[in-house]
There are 4 protein chains.
Amino acid sequence: MHSKVKNRAEDKVKSIVEDKDPELVTKRRMQLVEAAIGQFSRVGYYVATIKDIADAAGVSAGLVYQYIPDKQDLLFLCLQHIVERNKREIPAALEGVKDPLSRLVVAVESYTRVIAANRNAVLLTYRETKSLKPEYVALMKRMELDTNALIAACVEDCVKAGYLIPTHIELLVYRIITNAHAWALKYWRLRPIVTLNQYIELSMHSCWMPLMTPAGQKRYDQIKNTSTKRKS
Amino acid sequence: MHSKVKNRAEDKVKSIVEDKDPELVTKRRMQLVEAAIGQFSRVGYYVATIKDIADAAGVSAGLVYQYIPDKQDLLFLCLQHIVERNKREIPAALEGVKDPLSRLVVAVESYTRVIAANRNAVLLTYRETKSLKPEYVALMKRMELDTNALIAACVEDCVKAGYLIPTHIELLVYRIITNAHAWALKYWRLRPIVTLNQYIELSMHSCWMPLMTPAGQKRYDQIKNTSTKRKS
Amino acid sequence: MHSKVKNRAEDKVKSIVEDKDPELVTKRRMQLVEAAIGQFSRVGYYVATIKDIADAAGVSAGLVYQYIPDKQDLLFLCLQHIVERNKREIPAALEGVKDPLSRLVVAVESYTRVIAANRNAVLLTYRETKSLKPEYVALMKRMELDTNALIAACVEDCVKAGYLIPTHIELLVYRIITNAHAWALKYWRLRPIVTLNQYIELSMHSCWMPLMTPAGQKRYDQIKNTSTKRKS
Amino acid sequence: MHSKVKNRAEDKVKSIVEDKDPELVTKRRMQLVEAAIGQFSRVGYYVATIKDIADAAGVSAGLVYQYIPDKQDLLFLCLQHIVERNKREIPAALEGVKDPLSRLVVAVESYTRVIAANRNAVLLTYRETKSLKPEYVALMKRMELDTNALIAACVEDCVKAGYLIPTHIELLVYRIITNAHAWALKYWRLRPIVTLNQYIELSMHSCWMPLMTPAGQKRYDQIKNTSTKRKS
DNA sequence: AATGAATGAGAATTCATTCAT
DNA sequence: GATGAATGAATTCTCATTCAT
């Protein structure tokens with residue numbers, strides 16, 4: 001069911017570039033998506049014109065339509081790009097990390113940092129997802145759930161390993177996620193009162209810290225010692 | 001400085017209605033703001049047309065311009081209305097509640113409930129605040145801080161009363177606020193997994209629960225007992 | 001079946017003017033249709049711009065869309081207007097004419113004359129009917145058949161009255177119709193070689209003259225005598 | 001004067017292919033003209049894109065401009081091709097036919113059949129000739145007159161031979177021509193009520209049959225007998 | 001010769017805003 | 001005070017045409 005929606009939507013995006021050089025298509029799309037994220041972030045979907053975006057990308061307005069069916073699809077490609085970039089970071093950061101609690105710490109931190117690094121892009125997803133047509137909104141939700149699942153797995157492993165007390169996992173994940181997003185959404189106020197590192201310590205980890213078992217507590221102290229030593 | 005900005009913006013809003021019956025002006029504005037919140041929430045600021053809004057309000061398109069300088073200002077009036085409604089609820093709920101911890105519990109719950117009750121309106125503030133001109137954005141931020149201050153005061157009193165350990169108050173308040181907003185922002189996923197009451201218990205109160213002193217813990221149990229008894 | 005198509009098409013045309021003063025709507029539509037017939041005739045459907053048409057009608061481009069859903073519909077209204085004008089002429093001319101053969105003569109002549117008087121408009125129907133969407137093409141065909149039926153009735157009555165020998169009526173009607181249209185279609189060559197009156201005598205009437213019975217012949221001579229006398 | 005117009009137009013068409021292999025030019029032009037007739041007939045001149053036509057011809061869009069100066073000229077080449085094809089058929093059919101009345105019968109029938117065989121192409125000439133620039137329109141008219149002259153000669157010979165009574169020859173030819181075209185123009189209605197053979201008998205020949213002398217009548221019976229016998 | 005990527009001019013359409021009634 | 005007709009600026013999207021490869 002889900003793959004059907006996905007395919008239909010992706011078919012449309014693909015249809016106009018059927019007989020084009022795939023490498024050029026990828027390059028142009030990236031160029032356009034990056035320019036579009038910039039413009040959409042700056043002034044919003046409706047105020048940003050295709051001409052603006054084309055100018056920002058250094059191409060003609062007409063060229064946009066050789067690679068993107070219409071403005072809607074460009075927005076979708078932007079939001080997709082943003083969400084996938086956010087998601088991609090987590091597995092990369094977890095690479096080689098074995099201990100469940102370490103994995104949770106790393107996942108939360110890497111996710112928060114990628115959100116922080118793409119603050120305006122994250123804002124864009126909050127502001128403009130509604131501007132997509134329903135089939136694309138469904139796709140965006142699916143992608144968000146995919147991301148959540150990565151963190152949920154870390155939490156679950158911590159529970160299984162006896163580091164965290166059993167809890168409503170998805171709800172906890174949502175607290176983590178929305179707190180990370182809050183850094184982007186309320187940056188104007190948070191940045192003046194804390195640094196990102198403080199924010200991660202005080203707000204992000206405090207989501208799950210209270211749920212730690214004594215074993216988890218002990219493990220966490222080891223982790224912090226190690227990471228502190230490594231840093232120094 | 002802040003009041004100067006405010007005055008300039010409000011002057012503009014007032015100028016066109018100088019010679020009109022103030023009661024009618026208030027009535028018409030409410031009518032329009034409510035219709036506009038409905039339309040803006042449904043389809044967004046740019047897609048909603050003045051004609052749509054006028055129709056929804058049961059008046060002609062021309063009339064809108066007798067009471068609102070332009071579409072931008074209508075959006076501002078809407079967002080202002082939403083934020084003030086959210087803020088207004090807290091003092092009303094705190095009325096007569098004396099105990100600092102009870103006040104915090106009540107403040108958090110009443111705020112969360114008003115957010116939940118005006119879910120779409122809250123979404124609107126997240127989506128469309130950027131569409132305002134800078135001077136209005138500044139005003140919106142100021143109003144948000146005013147609301148936060150109400151909760152911050154409750155937290156502060158709890159700390160003073162020895163119920164909560166000293167903490168970064170404004171940061172804690174932001175965690176409370178953004179968790180409340182998360183109910184609106186992620187309703188599509190949260191509602192299927194928890195009820196609002198569960199959400200308040202599991203997510204809202206868990207922001208500050210871990211910060212409680214033993215005295216706070218004890219006080220909280222009493223509060224819960226009382227409220228449980230009262231309900232039964 | 002036919003009326004369903006008709007209604008759907010007409011609904012669309014009506015929908016945008018639902019709450020407007022019907023008199024003004026009629027006036028504006030006529031104004032636009034007349035300007036559009038002029039422009040479409042002059043340069044064709046695709047070359048004529050809405051701006052051209054609006055200018056020709058003495059209104060702004062935006063106004064067009066208050067009365068016409070889109071350019072396609074404007075074309076349809078034009079073609080409909082032309083065909084109905086052509087059709088309307090026949091019953092008016094037949095008013096009070098009783099003799100079957102006289103009716104046929106009058107019908108053919110009045111039809112040919114209205115075609116001749118609206119030469120460019122008729123050309124337009126030939127050139128641009130294909131530009132309509134299928135549902136409108138179907139409507140146009142239906143209207144053409146309605147017109148043909150008026151002449152077919154005259155032929156049929158002549159056969160019944162014994163003035164014409166039995167023949168394939170609809171085919172004969174089509175020869176009359178297309179010969180009339182030929183005056184418009186080939187005006188550039190016909191006008192230099194014959195007058196309209198000659199054309200009617202030599203080409204139009206020669207469609208059915210050979211099919212006359214002796215009684216018809218006799219009747220026809222009487223008619224011509226009368227009309228000649230009346231003229232002299 | 002006429003040849004001057006012709007030359008100017010044709011010069012333009014020739015200029016871009018000056019230094020190319022003439023055989024390839026002819027081949028490519030045919031390829032493009034045939035593809036273009038297909039597309040123009042199907043959707044009309046303005047809706048058919050150069051890309052569509054190039055695709056239909058199995059070449060790239062860029063190649064078109066190596067053989068055709070612009071879209072206008074392609075249309076002209078198409079219409080010219082159609083008219084010349086129609087014209088070419090008549091002399092071929094008359095080959096070896098000596099008797100004047102037979103020649104007229106053959107000319108009318110062969111012309112009608114070629115029109116019927118290229119129905120959509122004929123429609124195209126009616127719809128799109130106006131889209132040409134004036135100098136091309138003049139050329140098209142000239143070619144139509146050339147075709148007419150072929151039939152006019154047959155009629156004239158019949159008159160000279162005493163088979164037809166003297167008449168307005170060019171007007172008669174126009175009735176023949178436009179009746180033939182009517183099969184294409186009104187195919188949607190004619191085909192459901194008669195076959196092409198019936199149409200030729202009932203509509204085409206009835207243009208000139210009433211003008212036959214007794215000698216013509218007699219000759220015609222012989223022709224029909226022969227042709228009937230030959231067929232059986 | 002052939003390709004197809006890129007351009008940019010142009011057209012339909014929408015809608016905030018004005019203003020005569 | 002209220003209306004809604006009229007305006008016109010602005011935007012998306014298309015496609016003939018060019019040109020480097």
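Throughout, protein chains are lettered first and strands after them, A, B, ... in sequence-line order, and every chain is numbered starting at 1. If you're wondering where the values come from, they're calculated on a predicted model, not measured in any experiment.
For F/dG8, the paired nucleotide is E/dC15, the pair qualifying as Watson-Crick or G-U wobble because both relevant distances are below 3.5 Å. Both distances falling under 3.5 Å, in either a Watson-Crick or a G-U wobble arrangement, place E/dT21 opposite F/dA2.
Under a 3.5 Å cut-off, the side chain of B/Lys71 and the backbone N or O of B/Tyr45 do form a donor-acceptor pair.
Rounded to a whole Å, the NZ atom of D/Lys51 is 11 Å from the C1' atom of E/dT3. Rounded to whole Å, atom P of E/dA12 lies 12 Å from atom CD of C/Gln39. For the pair C/Asp55 CG and F/dG8 C1', the computed distance is 12 Å after rounding to whole Å. For B/Gln72 and E/dA16, the CD to P distance is 12 Å, given to the nearest whole Å. Whole-Å rounding puts the C/Glu23 CD to F/dG4 P distance at 16 Å. For B/Ile68 and F/dA2, the CD1 to C1' distance is 15 Å, given to the nearest whole Å. What separates CZ of B/Arg29 from P of F/dA2 is a distance of 13 Å, to the nearest Å. What separates CG of C/Leu32 from C1' of E/dT13 is a distance of 15 Å, to the nearest Å.
Between A/Tyr67 and the phosphate of E/dA5, there is no side-chain N or O to OP1/OP2 separation shorter than 4.0 Å. In this structure, A/Tyr65 does not reach the F/dT14 phosphate: none of its side-chain N or O atoms is under 4.0 Å from OP1 or OP2.
Taking the side chain of B/Leu24 as heavy atoms from C-beta on, and the options E/dT17, F/dG1, F/dC13, the nearest nucleotide is F/dG1. In the set E/dA11, F/dT17, E/dT17, E/dA11 carries the atom at the smallest distance from any side-chain atom of C/Thr49. Relative to the side chain of D/Asp70, the nucleotides E/dT7, F/dT17, F/dC13 differ in distance, and F/dT17 lies closest.
Each of D/Arg28 and C/Tyr46 lies near DNA chain E, and the nucleotide nearest D/Arg28 is the one positioned closer to the 5' end. Nearest-nucleotide assignment on DNA chain E puts the 5′-proximal partner with A/Leu63, out of A/Leu63 and C/Val47. Nucleotides of DNA chain F nearest to A/Ala48 and C/Ser60 differ in position, and the one nearer the 5' end is that of C/Ser60. If B/Asp21 and A/Ile50 are placed on DNA chain F by their nearest nucleotide, the residue sitting closer to the 5' end is B/Asp21.
Of the inter-residue distances, the one linking A/Gln31 atom CD with A/Tyr67 atom OH reads 9.0 Å to the nearest 0.5 angstrom. For the atom pair CD of D/Gln66 and CZ of D/Arg28, the computed distance is 10.0 Å after rounding to the nearest 0.5 Å.
Below the 3.5 angstrom threshold, one finds no donor paired with an acceptor across the side chain of D/Gln66 and the base of E/dA1.
For the pair A/Leu75 and A/Ser131, the minimum side-chain heavy-atom distance is below 4.5 Å.
For the side chain to side chain contact (heavy atoms under 4.5 Å, CB included) with D/Leu77, the qualifying choice from D/Val33, D/Leu32, D/Ile37 is D/Val33, the only one to do so.
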